[in-house]
Amino acid sequence: MERQSHQQLTTGFINSILGSSKPQRYFDRRGDGLHLLVSALPEGASLERLRNPPKSWVIRCNVEGIRFERGLGAFPNVGLSDARAKARHIQSELAKGCNPFKEADDRKRHAREKRAEINTRREQLTPFHQVVFQYYQIHYPTWTEKHAQVWISMFRNHVFGPLGDRPVNEISTVELGGLLAPLVISKPDTAKRLRQRIEAVFEWAIVSGLYKGLNPARLSRLKHVLPKHRRPVRHRRALAWQKAPQFWKDLAKHDCVSALSLRFLILTCTRSGETRGATWNEIDFDEALWIIPAERMKAREAHRVPLSKQAIHTLRICQKHNSAVIFPSDRTRADGLSFLARMHSRLF
């Protein structure tokens with residue numbers, strides 16, 4: 001609780017006031033509602049701070065029936081005589097029925113309105129492509145290089161042309177529906193991913209104060225303006241399990257890199273990109289283990305793959321290639337196979 005005192009204030013007394021952990025108020029006996037406010041100090045304040053705590057002048061008065069306080073400046077910038085003169089002038093104006101604070105209040109209100117207007121204009125004039133790039137720059141470090149390239153290319157190919165220069169606050173659900181509708185029919189998977197990414201950008205814009213209102217890219221809103229498209233079910237070609245043994249025997253007859261890589265992929269149940277990029281320093285023959293580093297994994301986490309005897313045998317055959325990449329291209333490229341699908345053309 002703050003300490004209050006009424007007395008005849010003098011400059012010497014004011015200078016002698018020491019700081020405290022509680023606020024202090026010293027009312028001037030001359031009246032006019034003038035008092036000195038000594039701010040509370042935190043525990044452990046320095047001796048210099050205790051000797052010279054923050055002090056400021058405050059006037060307590062009634063304006064249009066409402067009691068309130070108004071600061072008159074800090075001591076010693078505003079001395080005792082100046083503070084008393086200001087207090088007398090304010091009380092005199094109030095006695096005449098005038099509001100001495102109206103002009104200052106109007107200036108502050110005008111400044112607030114001006115700042116709000118500038119912020120609103122900034123929000124309205126921020127082009128959508130700038131918002132997209134800001135989102136991209138924030139999230140890029142957490143993405144793989146391939147994902148980052150695909151992500152920004154999707155916006156460049158489908159969004160920046162019609163909507164890139166539009167102020168973000170003017171983009172509506174109807175406009176996004178017009179943008180996505182052709183893709184829903186021709187490239188439904190692309191349309192789905194693009195909508196999700198646009199929605200994420202708008203969510204970030206809302207949190208950042210660049211967009212007002214509901215997210216225009218939410219599916220719950222867009223579904224009302226997008227055409228319904230049902231793709232025919234197309235099952236991927238698959239080898240009948242009855243033919244698997246014969247397929248394996250036929251595959252073993254080939255010793256080209258494509259055949260060896262396909263054998264290794266089947267034995268390890270890995271993705272084609274992981275197999276094509278495999279290097280010898282990832283293989284531990286003693287532990288029969290293949291450790292795929294995090295930077296080559298989709299989930300960005302290292303993956304440990306136990307190697308069977310058949311997988312080890314396949315790797316031993318590949319050692320004859322004398323290459324840092326386990327499965328170098330049949331065209332002697334150093335970055336691995338261009339397509340594992342080339343095996344299909346050789347076996348089928």
Side-chain angles (χ1 to χ4, degrees), residues 120 122-241 265 269-274 297-301 338-341 344-345 348:
T120 301
R122 181 181 64 86
E123 294 164 3
Q124 293 175 345
L125 296 180
T126 303
F128 185 55
H129 76 265
Q130 183 175 326
V131 178
V132 172
F133 277 116
Q134 289 176 357
Y135 178 93
Y136 175 79
Q137 290 171 353
I138 291 174
H139 293 85
Y140 172 81
T142 64
W143 294 341
T144 63
E145 184 176 352
K146 180 179 178 181
H147 176 72
Q149 291 175 349
V150 171
W151 194 95
I152 197 64
S153 294
M154 187 172 287
F155 279 88
R156 284 173 174 154
N157 295 337
H158 303 290
V159 180
F160 287 166
L163 295 179
D165 293 329
R166 288 290 308 284
V168 63
N169 250 9
E170 294 182 3
I171 296 177
S172 66
T173 297
V174 174
E175 284 182 288
L176 293 178
L179 174 78
L180 294 170
L183 288 175
V184 171
I185 302 299
S186 61
K187 300 177 180 178
D189 290 335
T190 299
K192 178 181 178 180
R193 288 192 295 270
L194 181 58
R195 187 207 63 79
Q196 291 171 341
R197 291 165 184 175
I198 293 175
E199 180 182 13
V201 170
F202 271 102
E203 285 295 329
W204 178 85
I206 292 171
V207 172
S208 302
L210 298 175
Y211 187 86
K212 304 294 183 183
L214 298 176
N215 192 322
R218 285 184 182 174
L219 184 59
S220 59
R221 307 184 72 190
L222 271 173
K223 68 180 182 180
H224 300 293
V225 296
L226 288 177
K228 293 184 178 180
H229 176 69
R230 293 183 179 180
R231 292 180 297 172
V233 178
R234 296 179 181 177
H235 297 290
R236 295 183 179 274
R237 294 180 60 187
L239 185 69
W241 66 268
L265 182 148
C269 298
T270 51
R271 292 185 174 90
S272 63
E274 296 161 4
M297 291 298 298
K298 183 177 181 180
R300 309 299 287 175
E301 294 182 1
S338 55
F339 296 100
L340 272 178
H344 288 270
S345 64
F348 305 103

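Every heavy atom of this structure was used, including side-chain atoms; hydrogens, water molecules and symmetry mates were not. The shown structure was predicted, so the numbers you read here are calculated from the model rather than taken from an experiment. Starting from 1, each residue takes its place in the sequence as its number.
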Within the side chain of Glu274, is there an N or O that forms a donor-acceptor pair under 3.5 Å with the backbone of Arg271? yes
Atom of Val131, atom of Thr126 and distance for their closest heavy-atom approach: CG2-CG2, 3.6 Å
Can you name the residues that form a salt bridge (charged side-chain N to carboxylate O under 4.0 Å, His left out) with Arg193, not counting sequence neighbours? none
As an exercise, state the distance from CG of Leu163 to CD1 of Ile198, rounded to the nearest 0.5 Å. 7.5 Å
So how far is it from Trp151 CH2 to Leu194 CG, rounded to the nearest 0.5 Å? 9.5 Å
Under 3.5 Å donor-acceptor pairs involving side-chain atoms of residues 200-207, not counting sequence neighbours:
{"residue": "Glu203", "atom": "OE2", "partner": "Asn215", "partner atom": "ND2", "Å": "3.0"}
{"residue": "Glu203", "atom": "OE2", "partner": "Arg218", "partner atom": "NH2", "Å": "3.3"}

Just verifying a value: how many Å separate Leu176 CG and Ile171 CD1, rounded to the nearest 0.5 Å? 6.5 Å
Mind telling me whether Tyr136 and Tyr140 have parallel, tilted or perpendicular rings, with 30° and 60° as the class edges? tilted
If only atom types and distance count, is the side chain of His139 paired as donor or acceptor with the main-chain N or O of Tyr135 below 3.5 Å? yes
Does the side chain of Gln134 reach to within under 4.5 Å of the side chain of Leu210, using non-hydrogen atoms? yes
Looking only at heavy atoms, what is the nearest atom pair of Gly164 and Pro127, with distance? O-CB, 3.7 Å
Point-to-point distance, once rounded to the nearest 0.5 Å, from NZ of Lys192 to CG of Leu219: 9.5 Å
Is any side-chain heavy atom of Leu183 closer than 4.5 Å to a side-chain heavy atom of Pro188? no
Got Thr173 and Leu214 here, is their nearest side-chain heavy-atom distance under 4.5 Å? no
Spacing of Glu175 atom CD and Arg166 atom CZ [to the nearest 0.5 Å]: 4.0 Å
Between OG1 on residue Thr270 and CE on residue Met297, distance to nearest 0.5 Å: 9.0 Å
Which heavy atom of Pro216 sits nearest to which heavy atom of Ser172, and what is that distance? CB-C, 4.0 Å
Looking at residues at least two apart in the chain, or sitting in another chain, which of them share a salt bridge (charged side-chain N to carboxylate O under 4.0 Å, His left out) with Arg195? Glu199
Can you tell if the side chain of Val132 reaches within under 4.5 Å of the side chain of Phe160, non-hydrogen atoms only? yes
Here the pair of heavy atoms bringing Gly177 nearest to Leu222 is N-CD2, 3.6 Å
Nearest heavy-atom pair of Ser153 and Gln149: which atoms, and what distance? OG-O, 2.7 Å
Between Gly178 and Pro182, what is the shortest heavy-atom contact and its length? O-CD, 3.4 Å
